[in-house]
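Have a look at the structure below, then the notes.
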Amino acid sequence: QVQLVESGGGLVQPGGSLRLSCAASGSIFSIRAMGWHRQAPGKSRELVADITSTGLTTYGDSVGGRFTISRDNAKNTVYLQMNSLKPEDTAVYYCYASGLRKVSGGPWEDYWGQGTQVTVSS
């Protein structure tokens with residue numbers, strides 16, 4: 001089985017920084033894209049950032065220029081460096097692996113982590 005384990009969430013003051021990590025483990029041959037979504041109370045889930053296996057990145061409109069996504073393909077791990085955090089960044093952040101193949105030529109599958117809480121407050 002495949003598991004995604006997130007770490008790095010917590011409480012930070014406005015203007016501060018946090019770094020989230022998400023490691024995928026299990027039977028993995030390749031992962032097409034990894035990234036993060038977030039969901040704040042009473043709001044729908046939104047894209048934060050996405051990165052492909054070749055390093056192509058996409059950012060949500062609300063985080064561009066403040067957040068940086070990176071990836072270590074050898075470790076099947078994705079990182080999210082969050083700077084200049086604002087109270088509106090408070091949410092549960094979910095890691096995902098999209099287009100994961102367990103074997104060469106196998107079916108594409110998607111997996112999600114359990115979520116990590118990020119709270120930005122003074």
(message) Can you list, by chain and residue number, the hydrophobic cluster partners of V78 when the side-chain cut-off is 4.5 Å?
(response) V2, L4, V12, L18, L20, I28, I31, M34, W36, V48, I51, Y59, V63, F67, I69, L80, M82, L85, Y93, L100, Y111, V118, V120

(request) With rounding to the nearest 0.5 Å, note down the distance linking CD in E109 to CZ in R32. (result) 11.5 Å

(message) Would you say NZ of K75 has more than 12 non-hydrogen atoms from neighbouring residues, nucleotides or ligands within 6.0 angstrom?
(response) no

(request) Grab the two heavy atoms, one from S17 and one from S84, that are nearest each other, plus how far apart they are. (result) OG-N, 4.4 Å

(request) Just jot down the side chain to side chain donor-acceptor pair (under 3.5 Å) partners of S27, sequence neighbours excluded, or say none. (result) none

(request) Rounded to the nearest 0.5 Å, what's the gap from CZ on R38 to OG on S44? Could you check? (result) 11.0 Å

(request) Rounded to the nearest 0.5 Å, what's the gap from OG on S21 to CD on Q81? Could you check? (result) 9.5 Å

(message) Given 3.5 Å as the limit, does a donor-acceptor pair link the side chain of R101 with the main chain of G106, or not?
(response) yes

(message) Using a 4.5 Å cut-off between side-chain heavy atoms of Ile, Leu, Val, Met, Phe, Trp and Tyr, which other residues end up in the same hydrophobic cluster as Y94?
(response) L47, V92, Y96, W112

(message) Quick check for you: to the nearest 0.5 Å, what is the distance between W108 atom CH2 and S30 atom OG?
(response) 5.0 Å

(message) Whether the side chain of N73 engages the backbone of S53 through a donor-acceptor N/O pair (distance < 3.5 Å, no angle test) should be reported.
(response) yes

(message) Within this structure, what is the CD-OG1 distance for the pair Q117 and T90, rounded to the nearest 0.5 Å?
(response) 7.0 Å

(request) Begin from the C-alpha positions of E88 and S62 and carry the test side chain to side chain contact (heavy atoms under 4.5 Å, CB included) through to its verdict. (result) CA-CA 9 Å; E88 49 264 44; S62 60; over 6 Å; no

(request) Name all residues meeting the side-chain contact (heavy atoms from CB on, under 4.5 Å) criterion together with D110; count only those two or more places apart in sequence or in a different chain, and write none if there are none. (result) S98

(request) Mind jotting down which residue pairs meet the disulfide bond (SG atoms under 2.5 Å apart) criterion with at least one end in residues 74-122? Sequence neighbours excluded, please. (result) C22-C95

(request) Could you tell me which non-hydrogen atom of S122 sits nearest to which non-hydrogen atom of P14, and how far apart they are? (result) N-CD, 3.7 Å

(message) Going by side chain to side chain donor-acceptor pair (under 3.5 Å), name the residues that satisfy it together with Q114, two or more places apart in sequence or in a different chain.
(response) E6

(request) Report yes or no: do T119 and S121 form a side-chain donor-acceptor pair below 3.5 Å? (result) no

